[in-house]
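Right, one structure below, let's go through it.
Computed from a predicted model, the values in this text were never measured in an experiment. Values below: every heavy atom of this structure, side chains too, minus hydrogens, waters and symmetry copies. Quick note on labels: first sequence line is chain A, next is B, and so on, each numbered from 1.
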Amino acid sequence: MGEITYTEVREMMLDVGANTPAYTIGVVADMTGLTARQIRYYEKADLLKPIRTKGNQRLYSQNDIERLVQIKKLLNKGLNAIGIKKILEEQE
DNA sequence: ATTCTAACA
DNA sequence: TGTTAGAA
């Protein structure tokens, strides 16, 4: 009882959780199949809010990646940024 | 080499 | 959405 997993300990010690900012836009583009242009556009549409480094570069977490994949799916179903925003808000 | 913003023959 | 120029 009260057991915590090795993964949880590692996440606490190394700060590598699903919400940890870790990927640059180039990596995210490869992972999601979206273009950097689109990824930046969805941020402006308030669908995503990646943190910025001191050099102003965007850093995305694993959760952000999943969110973007969701967005891509909804886009293929014909929804626009506004409709997607509503759906994403409901899932929070 | 990458990413950022702003802008459009 | 793509692409590009100029800066970081």
dT3(B) OP1/OP2 closer than 4.0 Å to side-chain N/O of Tyr60(A)
no

Ranking Gly55(A) and Leu75(A) by the position along DNA chain C of their nearest nucleotide, the one closer to 5' is Leu75(A)

What I want to find out is whether Arg52(A) reaches Glu43(A) closely enough, with some N-O distance under 4.0 Å, to be called a salt bridge.
yes

Of the candidate nucleotides dT5(B), dT3(C), dT3(B), which contains the atom at the shortest distance from the side chain of Gln57(A)?
dT3(B)

Take Thr24(A) and Lys44(A), find for each the nucleotide of DNA chain B with the closest heavy atom, and name the residue whose nucleotide sits nearer the 5' end.
Thr24(A)

I need the CD1-C1' distance between Ile25(A) and dT2(B), as an integer number of Å.
10 Å

Just how far, in rounded Å, is P of dA6(B) from CG of Asn56(A)?
10 Å

To the nearest 0.5 Å, how far apart are CE in Met13(A) and CD in Glu8(A)?
14.0 Å

Please determine if a side-chain N or O atom of Thr35(A) lies less than 4.0 Å away from the OP1 or OP2 oxygen of dT1(C).
no

I'd like to know if Arg58(A) reaches the base of dT3(B) with its side chain such that a donor and an acceptor end up less than 3.5 angstrom apart.
no

Give the dot-bracket line for DNA chain C from 5' end to 3' end: parentheses for intra-strand Watson-Crick or G-U pairs under 3.5 Å, square brackets for crossings, | for inter-strand pairing, dots for unpaired.
.|||||||

Please give, in whole Å, the distance from dG2(C) C1' to Tyr42(A) OH?
13 Å

Can you measure from CG (Asn19(A)) to CG (Asp64(A)) and round to the nearest 0.5 angstrom?
7.5 Å

Need one value for Gly26(A): base, sugar-phosphate or nothing, where a base atom within 4.0 Å counts as base even if backbone is also close, heavy atoms only.
sugar-phosphate

Going from CD on Gln91(A) to NZ on Lys86(A), what distance comes out if it is rounded to the nearest 0.5 angstrom?
14.0 Å

What is the distance from CD1 of Ile51(A) to C1' of dT3(B), rounded to the nearest Å?
14 Å

For the CZ atom of Arg40(A) and the CD1 atom of Ile25(A), what is their distance to the nearest 0.5 Å?
4.0 Å

Interatomic distance, Tyr41(A) OH vs dA7(B) C1' [rounded to whole Å]
16 Å

Whole angstrom value for the distance that separates C1' of dC4(B) from NZ of Lys54(A)
19 Å

Look up atom CG in Leu74(A) and atom CD1 in Ile87(A), then write down how far apart they are to the nearest 0.5 Å.
5.0 Å

Report the distance from atom CZ of Arg52(A) to atom P of dA8(C), rounded to the nearest whole Å.
16 Å

Could you state the atom-to-atom distance from CZ of Arg40(A) to C1' of dT1(C) in whole Å?
13 Å

Evaluate whether atom CD1 of Ile82(A) has more than 12 neighbouring non-hydrogen atoms of other residues, nucleotides or ligands under 6.0 angstrom away.
no

